[in-house]
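Remember, predicted model here, so these are calculated numbers, not experimental data. Below, read A as the first sequence line, B as the second, and so on, with proteins coming before strands; counting in each chain starts at 1.
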Amino acid sequence: MANFLFPDRLTARFAAPDDAGTPSHSGHPSSPRESRHFIQQIIDDDLKTGRVTGDVVVRFPPEPNGYPHIGHAKAIVLNFSLAKEYGGRCHLRFDDTNPETEDMEYVRAMKRDIRWLGYEWGENEFYASDYFEQLYDLAERLIEEGLAYVDSQTGEEIRATRGTVTEAGTESPYRNRTVQENLDLFRGMRAGQFNDGEHVLRARIDMASPNMLMRDPVIYRIKKASHYRRGDEWPIYPLYDFAHPLSDAIEGITHSLCTLEFDVHRPLYDWLVEHLFEDPRPHQYESARLNLDYTVMSKRKLLQLVREGRVAGWDDPRMPTLSGMRRRGYTPAAIRRFCELIGVAKADNRVDVALLEYAVRDDLNDKARRVMCVLDPLKVVLTNFPDGKSEMLHAGYWPHDIGHEGARQVPLTREIVIERSDFMMDPPSRFHRLSPGAEVRLRHAYIIRCDDVITDDEGQVTELRCSVDYDTRSGSDSSKKVKGTVHWVSASEGIETTVRLYDRLFNVPNPDDVEEGQSFVDHLNPDSLREVTAVIEPSTADDEPETWYQFERQGYFYLDPVAFEEGKRVWNRTVTLRDSWGKQQEPAAPAKPKGQKQAVPAQPAEPLDPMAELDEEEHSMAIELQTLYALSPEDAAFLATRDDERVFFKEAAAASNTPVAIANWLIHELRPLLSQEQMETPPTTAQHFAALVALHADGTLSSRMAREVLEEMIASGEGPDTIVERKGMRQVSDEEALSGVVDEVLSNHPDRVEAYRGGKKGLIGFFMGQVMQKTDGSANPQVVRALLQERLD
RNA sequence: UGCCCUAUAGCUCAAUUGGCAGAGCGCCUGACUCUGGAUCAGGAGGUUCCAGGUUCGAAUCCUGGUAGGGCAACCA
């Protein structure tokens with residue numbers, strides 16, 4: 001694989017380790033405050049509450065069995081920028097526990113690409129395979145504690161007895177071997193006394209768990225294969241579910257971030273770490289993986305594309321691999337920016353390629369010099385330009401709005417080429433490029449007029465004859481204006497060069513979404529690579545391979561390093577410019593009819609009967625609650641199906657004469673504050689609870705205050721009176737007293753008052769909030785609302 | 001069919017944790033321009049999945065649904 005020839009030079013030129021991981025543009029996501037994604041919120045909270053006291057330590061844990069792609073980049077950027085943000089560290093750990101697929105080649109590729117992205121892990125380079133000894137010892141400890149056993153069933157037997165998603169599994173006949181027996185067997189495994197598949201080590205958890213991963217998962221298997229780092233030292237290898245959490249714990253990782261599909265593994269992660277390590281211990285959090293339009297991301301599928309020759313290799317510029325993107329001309333800064341733009345969340349997503357392209361253009365805009373290159377040449381003869389003359393024109397490399405200096409000379413000759421698409425025989429209105437009789441400016445040169453069109457026998461345009469207006473030389477103060485400017489290159493002094501025009505690899509947004517009997521390769525875009533012979537201006541003749549240019553009016557291009565090494569000059573189109581003209585030409589995609597994206601099934605016309613789902617016993621219970629306490633069917637059904645809540649309710653109802661309010665507060669306020677276990681033995685008494693509800697009912701406390709008191713009651717176990725007394729809480733319902741606050745709020749925000757009167761009625765909530773804040777939540781909201789409405793309407 | 005996760009603008013995400021539903025990208029219009037780019041100015045676009053409920057007030061809390069995704073390798 002002779003593809004990776006320039007990583008270091010590229011890094012030197014474009015990677016920016018200094019600002020790596022910090023937003024390079026201010027004000028992206030939203031909100032006046034910088035908005036924090038859920039992982040940041042968790043870490044903030046851990047730091048605030050002291051759950052994490054030392055450094056924040058995260059890790060990026062690739063398996064070295066494939067080339068890293070843009071999906072890995074998302075994880076790399078997330079982890080390394082988190083480490084930077086919190087002043088902690090990010091470990092690079094190779095999760096190399098499967099000897100059959102892993103290779104040093106992939107380790108090298110991974111390290112090279114992470115560095116290229118602009119991140120450095122320093123001394124924190126680790127390998128799960130370095131922990132084999134420790135992991136083995138931990139497995140023995142598990143055995144000693146009766147938490148693991150050697151199972152001698154075959155693979156098929158293990159699979160068959162695991163049960164299904166709806167049925168529990170059955171326990172292995174070997175599940176109750178003695179500790180000594182297990183230890184002997186496991187040591188025998190380690191010593192190489194058995195063949196592949198003869199035994200495995202299983203965690204002893206629960207064959208009936210609703211989570212299949214907890215049904216005695218296999219944690220060690222015999223595999224007499226040579227490991228790329230440990231050679232033949234080990235006949236047994238730990239599995240991911242065992243090695244990963246424990247490697248995290250060994251390294252002192254605080255936050256272990258992974259993708260959504262691992263959320264089912266979290267109970268096992270916790271089980272292992274809790275049994276084998278002391279606090280503080282690592283915690284796993286999951287976020288959504290990246291899906292990108294018009295490409296595939298799975299290593300298996302990328303490998304298939306390479307193997308079947310659908311692409312030129314792992315670093316084919318159409319591939320979503322980092323090596324492919326690098327060779328295409330994408331920059332580390334652009335990829336980092338993209339990864340920041342897509343955010344971190346738990347909802348499955350599919351990201352529009354336009355966002356990636358935006359990030360690339362935005363970065364290249366002030367990094368790539370402008371030159372002219374004609375991709376589809378049409379010959380133009382300047383009839384009033386002397387034959388044999390070559391006029392050197394001064395041409396700035398940068399547009400005015402980019403503050404960079406630099407220019408080159410561009411030769412103008414009698415024969416030039418322009419873009420075929422810049423001429424139209426019969427142009428629509430709004431087309432302001434060349435057509436018979438029309439005028440256009442040659443970029444950096446003169447205005448020309450098309451006097452004659454030469455066509456061949458088939459009517460194909462083969463040549464244009466134009467005349468130059470010598471008063472309009474670029475930079476002169478000619479007053480003549482034309483609408484259009486076109487790029488051009490001297491036909492005699494321009495250089496022929498190969499340009500590769502890349503387009504999306506697949507022609508559907510989600511190639512994985514295939515019909516029966518089809519495969520994702522059926523969606524391959526046959527035009528994803530178009531190679532043309534272009535004419536480029538001579539100033540580029542000596543450029544070295546890490547050169548980016550913007551070919552004016554075309555896009556950004558990058559001199560392919562692989563072809564260069566083979567002695568060829570090939571320009572890869574990194575990304576086109578945004579093209580509003582091309583869009584106008586295509587019929588605009590019809591706007592999706594409203595409501596189509598999520599067809600909401602018609603709901604039954606009448607509300608569902610809350611009693612409908614109850615069994616016979618629950619049903620009669622609910623009826624009883626309704627007749628006895630006058631509860632609504634909803635509340636009655638809720639209590640009928642929940643024993644702990646019902647017991648608490650009856651006790652509280654007995655201590656008061658407002659059962660409906662008791663049920664209401666129990667269901668909507670108390671219950672959400674408690675866990676299932678707390679509900680069994682509530683941290684507050686039914687009598688206290690009833691007293692609180694009474695305080696609300698008689699107007700002493702507003703609902704907001706009552707909620708606050710309730711939280712306090714749960715935390716301290718005190719009665720409501722004690723808390724109310726201590727805090728001096730009392731709802732204020734006096735209109736006169738509240739009028740003052742209301743008037744103050746309104747006069748503090750004249751603009752909002754005006755907006756409200758102008759129709760922005762939602763602002764009532766803002767005013768309410770202000771008043772509640774000023775009164776420390778003690779204002780009677782009904783009264784406040786009435787006062788506000790009175791003043792505003 | 002069991003368990004878990006998720007649902008806010010076309011896309012990706014916010015919403016100070018119960019108080020004005022916003023941003024970036026994309027799209028449209030206009031201005032400017034020697035890149036139909038960039039830039040600048042403006043605009044459209046919302047049943048916050050649905051139905052009930054609690055609350056003065058719900059995207060946010062409660063109940064019940066719906067849809068999408070994940071989980072039954074001795075892979076990671």
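On the P atoms, B:G18 is 14 Å away from B:A58, given to the nearest whole Å. Across B:G37 and B:G69, the matching P atoms stand 40 Å from one another, rounded to whole Å. Comparing the P positions of B:G46 and B:A9 gives an interatomic distance of 10 Å, to the nearest angstrom. For the C1' atoms, the distance from B:G42 to B:U47 is 28 Å, rounded to whole Å. Nucleotides B:C5 and B:U63, compared at atom P, are 14 Å apart to the nearest Å. As rounded to the nearest Å, B:G2 and B:A59 have C1' atoms that lie 30 Å from one another. With both ends at atom C1', the span from B:A14 to B:G22 equals 7 Å, rounded to whole Å. To the nearest whole angstrom, the two C1' atoms, one in B:G45 and one in B:G26, are 11 Å apart.
Counting any heavy atom pair closer than 4.0 Å across all strands shown, A:R162 reaches sugar-phosphate atoms only and no base atom. A:Y756 comes within contact range of no nucleotide atom at all, as no heavy-atom separation falls under 4.0 Å. Among the atoms of the strands shown, only primed sugar atoms or phosphate atoms (P, OP1, OP2) are found under 4.0 Å from some heavy atom of A:G762. Within 4.0 Å of A:L239, counting heavy atoms only, lie sugar-phosphate atoms of the nucleic acid but no base atom. In this structure, A:N365 reaches the sugar-phosphate backbone alone: every heavy-atom distance under 4.0 Å involves primed, P, OP1 or OP2 atoms, never a base. Residue A:H487 is out of contact with every strand shown, counting any heavy-atom pair closer than 4.0 Å. Heavy atoms of A:E157 sit nowhere under 4.0 angstrom from any nucleic acid atom. Contacts of A:S476 with the nucleic acid, taken as non-hydrogen atoms under 4.0 Å apart, are absent. Within the 4.0 angstrom heavy-atom criterion, no nucleotide atom of any strand lies near A:Q770. Using a 4.0 Å heavy-atom distance criterion, A:R350 is classed as a sugar-phosphate-only contact. Here A:V218 lies in heavy-atom contact (under 4.0 Å) with sugar-phosphate atoms only. Residue A:T101 is out of contact with every strand shown, counting any heavy-atom pair closer than 4.0 Å. Here A:F431 lies in heavy-atom contact (under 4.0 Å) with a base. Within the nucleic acid shown, A:E357 has no heavy atom closer than 4.0 Å to any nucleic acid atom.
Using a 4.0 Å cut-off, no side-chain N or O of A:N65 falls inside it from OP1 or OP2 of B:C75. Checking the phosphate oxygens (OP1, OP2) of B:A14, no side-chain nitrogen or oxygen of A:R36 falls inside 4.0 Å. The shortest distance between the side-chain N/O atoms of A:R361 and the OP1/OP2 oxygens of B:C25 is not below 4.0 Å. A:Y240 has no side-chain polar atom (N or O) that falls below the 4.0 Å cut-off from OP1 or OP2 of B:C75. Phosphate proximity of B:A15 to A:Q41: present, with a side-chain N or O under 4.0 Å from OP1 or OP2.
Between A:Y240 and A:F262, the two ring planes are tilted [angle within 30° to 60°].
Salt bridge status for A:R337 with A:D363: absent, with no side-chain N to carboxylate O gap under 4.0 Å. A salt bridge links A:D422 with A:R553: at least one charged nitrogen is closer than 4.0 Å to a carboxylate oxygen. Using a 4.0 Å cut-off between charged nitrogen and carboxylate oxygen, A:D44 and A:K48 do not count as a salt-bridge pair.
Taking CZ of A:F194 as the reference point, atom CD1 of A:I236 lies at 11.0 Å (rounded to 0.5 Å). Rounding to the nearest 0.5 angstrom, the gap separating the CG atom in A:L787 from the CD atom in A:Q782 is 12.0 Å. Atom NZ of residue A:K480 and atom OH of residue A:Y446 lie 13.5 Å apart, to the nearest 0.5 angstrom.
In this structure, B:A73 shows a glycosidic angle within 90 degrees of zero, which is the syn conformation. In textbook terms, a nucleotide whose glycosidic angle is within 90° of 0 is syn, and B:U17 is one such case.
A donor atom on one side chain and an acceptor atom on the other are not found under 3.5 Å apart for A:T485 and A:E552. A:H487 and A:Q554 are linked by a side-chain donor-acceptor pair at a separation below 3.5 angstrom, with hydrogens and angles left out of the test.
Minimum interatomic distance between A:R433 and A:S421 (heavy atoms only, all atoms of both residues): NH1-O, 3.1 Å.
Evaluation of the side-chain hydrogen bond (donor to acceptor under 3.5 Å, both in side chains) rule for A:K224 yields no partner, not counting sequence neighbours.
Evaluation of atom-type donor-acceptor distances gives a pair under 3.5 Å for the side chain of A:Q550 against the base of B:U35. Between the side chain of A:R443 and the base of B:U35, no donor-acceptor pair under 3.5 Å is found. Side chain A:R433 to base B:G36: a donor-acceptor pair is found below 3.5 Å.
With a cut-off of 3.5 Å on both pairing distances, the Watson-Crick and G-U wobble pairs of RNA chain B assemble into stems of 3 or more at B:2-7 with B:66-71, B:10-13 with B:22-25, B:27-31 with B:39-43, B:49-53 with B:61-65.
When rounded to the nearest whole Å, the span between NE2 of A:H37 and C1' of B:G24 equals 16 Å. Going from atom CG of A:N195 over to atom P of B:C74 covers 19 Å, rounded to whole Å. Rounded to an integer number of Å, the gap from A:R289 CZ to B:U12 P is 16 Å. For the pair A:I39 CD1 and B:A14 C1', the computed distance is 16 Å after rounding to whole Å. Rounded to whole Å, atom P of B:U39 lies 11 Å from atom CG of A:D366.
The nearest heavy atom of RNA chain B to A:P672 and to A:R159 marks one nucleotide each, and the one closer to the 5' end goes with A:P672. Heavy-atom distances to RNA chain B give each of A:V351 and A:K346 a nearest nucleotide, and the one nearer the 5′ end belongs to A:K346.
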Nucleotide by nucleotide, nucleotides 53-58 of chain B touches protein heavy atoms under 4.0 Å in the pattern (B base, S sugar-phosphate only, - none) BSSBB-
Using the salt bridge (charged side-chain N to carboxylate O under 4.0 Å, His left out) rule, take A:E711 and A:R707 through it: C-alpha gap first, then chi angles, then the decisive distance, then the call. CA-CA 6 Å; A:E711 282 179 40; A:R707 270 196 291 269; over 6 Å; no
